[in-house]
Each structure stands twice: as structure tokens, then as C-alpha cells.
Amino acid sequence: MREVAPTVTVVRTSTANLASVLTGFERLGCRVRTTADPHKVTRAGRLVLPGVGAFAAARRAIDAHGLADALRDRLDRGHPTLGICLGMQLMASGSEEAPGVPGLGVLDCVAGNYESGEEGWRVPQMGWNLVAPDEGCEIVPRGYAYFANSYRLTTAPDGWHPVWCEYAGRFLAAVERGPVVGCQFHPELSGDYGRALLTRWLEA
Amino acid sequence: MLPVRIIPCLDVRDGRVVKGVKFRGLRDQGDPAELARAYEEQGADEVVVLDVTATTEARGTRLDTVAAVRARLSVPLTVGGGIGGIEDAAALLEAGADKVAVNTAALRRPELLSELAARFGSQCVVVSIDALGHGGAPGGDGGYEVVVRSGTERVARDAIAWAREAVDRGAGEILLTSIDRDGTRSGYELTLLRAVRSVVRVPIVASGGADSPAHMADAVGAGADAVLAASIFHQGNWTVEGVKEALARLGVAVRPGYREEVSA
């Protein structure tokens with residue numbers, strides 16, 4: 001067990017779902033604080049970039065607070081950072097959801113929509129799906145995780161360990177590079193599975 | 001297809017879980033946060049909290065109940081009841097909801113669904129539709145109308161057409177309740193489910209009438225992606241775990257427990 005409760009800083013750029021992220025870490029004994037201050041983003045020991053909602057709106061919120069450079073810098077340097085759902089997609093170069101709106105560009109890929117018109121696949125993907133980490137992944141375990149998304153990444157970016165999942169084709173459930181992790185699913189809503197993942201990330 | 005989600009529903013009034021039949025005769029069933037936690041431990045894939053008296057008594061859903069449930073719950077939480085506008089939804093999400101279920105307000109002003117989807121994303125917006133078979137015979141003439149205010153008021157709106165419009169406007173999920181079946185434990189309204197399934201691509205949560213895993217399997221067969229139940233869980237007839245074991249035997253995919261999955 002850890003001797004001192006770790007502090008987790010959560011980027012506050014929108015209202016939705018923040019409480020789930022905060023209480024998820026509190027249940028693990030963390031001290032949690034939120035910020036939209038670029039200096040605190042830079043200095044945070046462990047940073048979470050949550051995100052639900054629209055890509056363009058989230059990017060605008062990042063820019064409105066002047067957070068893009070601070071986020072990109074710590075992702076490039078490998079400082080412990082966890083992007084969740086849209087927070088992972090924001091790490092990419094962009095999204096078909098908002099053509100022309102750049103992501104942070106740390107992951108060299110673009111988020112796309114689930115194949116439209118294909119029968120049988122509900123959009124949004126809403127529910128629990130089996131995620132399978134590639135060899136080399138050390139934080140994201142194998143197991144069922146909770147997803148709520150209409151867009152996703154499908155190609156593994158260079159230099160990152162991919163975690164795969166199937167839904168109307170193969171897509172990226174998560175990526176890892178040391179203590180930098182992006183999850184398309186919601187670890188904070190994934191019960192025991194999510195607790196296991198967050199615990200590993202806190203110890204990474 | 002994903003494993004079917006098993007969703008215990010907590011109908012809350014004045015901070016306590018209650019349950020009645022066809023939305024009447026409500027009886028106390030316990031503390032929402034304790035029940036939510038217990039259901040998660042049994043394997044619940046999600047929990048729904050509905051403030052069943054919020055709209056009729058013209059007050060907002062109790063944020064303290066939502067916060068208390070959130071503090072104990074680490075699976076998704078959908079909250080409905082008395083959401084009149086964007087700010088109500090924002091307050092619920094801030095308190096710990098992951099999705100908001102909108103009913104009466106969306107019928108009064110359908111643009112609300114688009115506004116919610118634009119601000120929070122479609123995956124956050126559930127349209128809750130309470131449907132009543134025409135003439136009191138469920139599906140007797142193949143039609144369903146929408147009722148509101150906990151089933152006390154008719155609105156002269158076709159339920160299937162409303163489902164389609166709500167999704168077009170941005171709802172990312174439908175919580176579809178058959179008022180004819182609510183609390184009767186006579187099985188989900190399958191004709192209603194099939195009719196809505198045929199017009200939308202978003203996930204559908206079947207609600208109203210569950211008494212057994214066989215009913216849930218039938219709902220999945222009729223196009224439901226998730227099954228909601230209250231009475232059978234509150235009254236101890238079934239645990240979520242027991243339901244999942246029975247569904248698996250019936251050939252319906254369910255989410256196994258994490259340790260189960262890892263050791264497998």
C-alpha cells in the first residue's frame with residue numbers, strides 16, 4: 001500500500017461527468033483537485049484529462065484556458081497523464097466529428113465515426129466491451145470496460161502500446177506510453193476493472 | 001452486440017427508494033446509495049435513479065441523493081425526473097450523473113434534446129418514453145401513445161414517432177417504459193420494443209414488467225440492449241448475479257465479473 005495519498009489533478013474544462021472521475025479517485029484514497037490553470041497542468045504530478053461531449057467544444061475549452069501547450073508538453077515528456085474518452089481523442093491529430101479542428105497531435109491518428117449504415121451496431125456504442133492489451137502494456141488490464149462513444153481511433157500510433165477492442169471492426173480501446181495513458185472507455189465507470197486500472201496508473 | 005446490460009432502477013421519492021404498480025401505491029424499499037452499492041457488487045452494469053415525484057411536485061431531482069449514490073457507485077449512473085432544462089441537467093451531471101433521462105420537458109420542447117446533445121454529447125442524453133397501449137390493451141391495435149407526469153397525463157403523441165424524432169434531435173439512448181406492464185411482473189412489452197427498434201439505431205433500455213430472466217431474454221430478442229428492473233431486485237426474488245447466470249444459460253451474453261474474466 002502507498003504511504004501517502006497521491007494527489008490527482010483533473011482538468012476542468014466542462015461540467016459533464018466530472019464527479020464520476022473525482023469520486024473514482026477519492027474511493028482509491030487519492031486527494032483530488034481540479035484546475036483549468038496551465039501552470040498547474042504543467043506542475044501536476046498526476047493529471048487526468050477527462051472528456052465527454054463534442055470534440056470542437058472541448059478543443060475550444062482547452063484553448064479558452066490556454067492549456068494546449070501545457071498538455072502537449074507534459075504528454076511529450078511522459079509525465080503521468082490519463083486521457084479519458086474524448087480526452088484520449090483530443091490527444092490525436094483531429095476527428096472526423098470536427099474537420100479542421102486540430103487535436104493536440106500527440107497521437108498520430110484521426111478519430112473516425114463508426115461505420116454508418118451497417119446493420120446491428122448501435123451508435124453510440126454504450127455498454128461493456130472486452131478490451132485486450134498488446135504485449136508491452138503495463139497499465140491497462142484485459143477485461144470488460146464501459147464505453148459510451150460514437151467516434152474512435154482505429155490505427156495504433158507509432159511509439160505507443162495499443163489496447164484493442166472490437167465494435168463494428170477493430171478499434172483502439174486505449175494506448176500506453178509509460179505513465180501516459182489514453183482510454184476510449186471510462187475507467188472511472190468500469191467497476192472493479194476500472195479500479196484495477198486506476199490503481200496501476202497511480203503506481204506507474 | 002455488447003453483453004446485455006442489467007440495470008436495477010431506483011425509483012426515489014424524498015430520498016428513499018420506493019416502488020409501486022403502474023406508478024401507484026408506492027412502498028419504501030430502502031436507501032438509494034446502499035442499494036446502488038449492493039447492486040454494483042452483485043454485478044449491475046449500470047444504475048438508473050428516477051425521481052418519480054419530481055415533475056408532479058414541480059421540484060428538481062434531489063442533488064444530494066445523486067451525490068450520495070455517486071460516492072458509492074463506480075458503474076454508470078443515469079438520473080431522470082424533473083429535468084426542465086439545460087441547467088437542471090448540468091446540475092445533475094455535476095452532482096454525479098453520467099447520463100440524464102429527459103421526459104416531459106423534451107415533449108414540451110423537443111429542441112431541449114438538441115441543446116443537451118450539443119453541450120454534453122448524445123451519449124449523455126437519454127430520452128425517457130412512457131408508452132401506453134391504445135385502448136388499454138397493450139399493443140392491441142398496434143399503437144402506443146406517450147404519457148407523462150409519471151403516467152398521469154396523456155399528450156396525444158404517438159410513441160414510435162416520438163422515439164424517432166427524439167433520436168433525430170440528439171438523444172443517444174431510449175429508456176422505454178411500458179406503463180401497461182410497469183410493476184406487473186408480466187414481462188416486457190415486446191411489440192412496443194420491436195416497433196421502436198425498427199425506427200432507431202441508438203441503444204434501447206427495456207423497462208416495465210420484468211419478472212424473470214426469461215422476460216429479459218425475450219426483450220433482448222425484441223431489440224433491447226439493456227433491461228431495467230426494479231421490483232424483482234428490491235424484493236429479493238432475484239440478484240443481478242442470479243439473473244446473469246440464468247441469462248447465460250439462455251444463451252444471452254452478459255458481462256462476467258472482473259476476477260472471473262481475469263482468471264479465465
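Lettering of chains follows the sequences in order, A, B, ..., and the numbering in each one begins at 1.
- Here B:Val199 pairs with B:Ile160, B:Arg164 under the side-chain contact (heavy atoms from CB on, under 4.5 Å) rule; sequence neighbours left out.
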Check step by step if side chain to side chain contact (heavy atoms under 4.5 Å, CB included) holds for A:Met126 and B:Asp225.
CA-CA 9 Å; A:Met126 189 107 70; B:Asp225 304 283; over 6 Å; no
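- Of the two parts of A:Ala148, the backbone and the side chain both hold a non-hydrogen atom closer than 4.5 Å to a non-hydrogen atom of chain B.
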Applying salt bridge (Lys or Arg N to Asp or Glu O under 4.0 Å), run through B:Glu40 and A:Arg27 and close with a yes or a no.
CA-CA 15 Å; B:Glu40 178 183 336; A:Arg27 276 193 298 271; over 6 Å; no
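- The backbone N or O of A:Trp121 lies less than 3.5 Å from a partner atom in the side chain of B:Arg201, making a donor-acceptor pair.
- Here the closest heavy-atom approach between residue A:Trp128 and residue B:Pro76 is recorded as CZ2-CD, 4.2 Å.
- Interface remark: B:Ala91 contributes no atoms to any contact with chain A (heavy atom separation under 4.5 Å).
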Please lay out, stage by stage, how B:Gln123 and A:Phe147 fare under the test side chain to side chain contact (heavy atoms under 4.5 Å, CB included).
CA-CA 10 Å; B:Gln123 80 293 327; A:Phe147 291 83; over 6 Å; no
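- Only the backbone of B:Leu73 comes within contact range of chain A, judged by heavy atoms closer than 4.5 Å.
- With rounding to the nearest 0.5 angstrom, the CG atom of A:Leu28 is 9.0 Å from the OG atom of B:Ser74.
- Residues that satisfy the salt bridge (charged side-chain N to carboxylate O under 4.0 Å, His left out) test with A:Glu166, not counting sequence neighbours, are absent from this structure.
- When all heavy atoms of A:Ala54 and B:Ala118 are compared, the pair lying nearest together is CB-O, 4.4 Å.
- For B:Lys244, the salt bridge (charged side-chain N to carboxylate O under 4.0 Å, His left out) criterion is met by B:Asp45, not counting sequence neighbours.
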Hey, mind stepping through A:Arg122 and B:Glu173 against side chain to side chain contact (heavy atoms under 4.5 Å, CB included) and telling me if it holds?
CA-CA 10 Å; A:Arg122 320 288 193 235; B:Glu173 186 167 67; over 6 Å; no
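- When each of B:Val75, B:Val100, B:Val4 is scored by its heavy-atom pairs under 4.5 Å with chain A, the top score falls to B:Val75.
- Heavy-atom pairs under 4.5 Å with chain A were tallied for B:Glu46, B:Glu41, B:Arg197; the largest tally goes to B:Arg197.
- Environment of CG in A:Asp108: sparse, with no more than 12 heavy atoms of neighbouring residues, nucleotides or ligands closer than 6.0 Å.
- B:Arg5 touches chain A through its side chain: at least one heavy atom from C-beta onward sits under 4.5 Å away, while N, CA, C and O do not.
- Considering every non-hydrogen atom in both B:Ala95 and A:Ala19, the closest pair reads C-CB, 3.9 Å.
- More than 12 heavy atoms of other shown residues, nucleotides or ligands fall within 6.0 angstrom of atom CD in A:Glu97.
- Listed here is the closest heavy atom pair of B:Pro203 and A:Pro124: CG-O, 3.6 Å.
- For the options B:Val125, B:Leu77, B:Asp98, heavy-atom pairs under 4.5 Å to chain A are most numerous at B:Asp98.
- Interface with chain B: from residues 176-193 of chain A, residues A:Glu188, A:Leu189, A:Ser190, A:Gly191, A:Asp192, A:Tyr193 qualify, criterion being any non-hydrogen pair under 4.5 Å.
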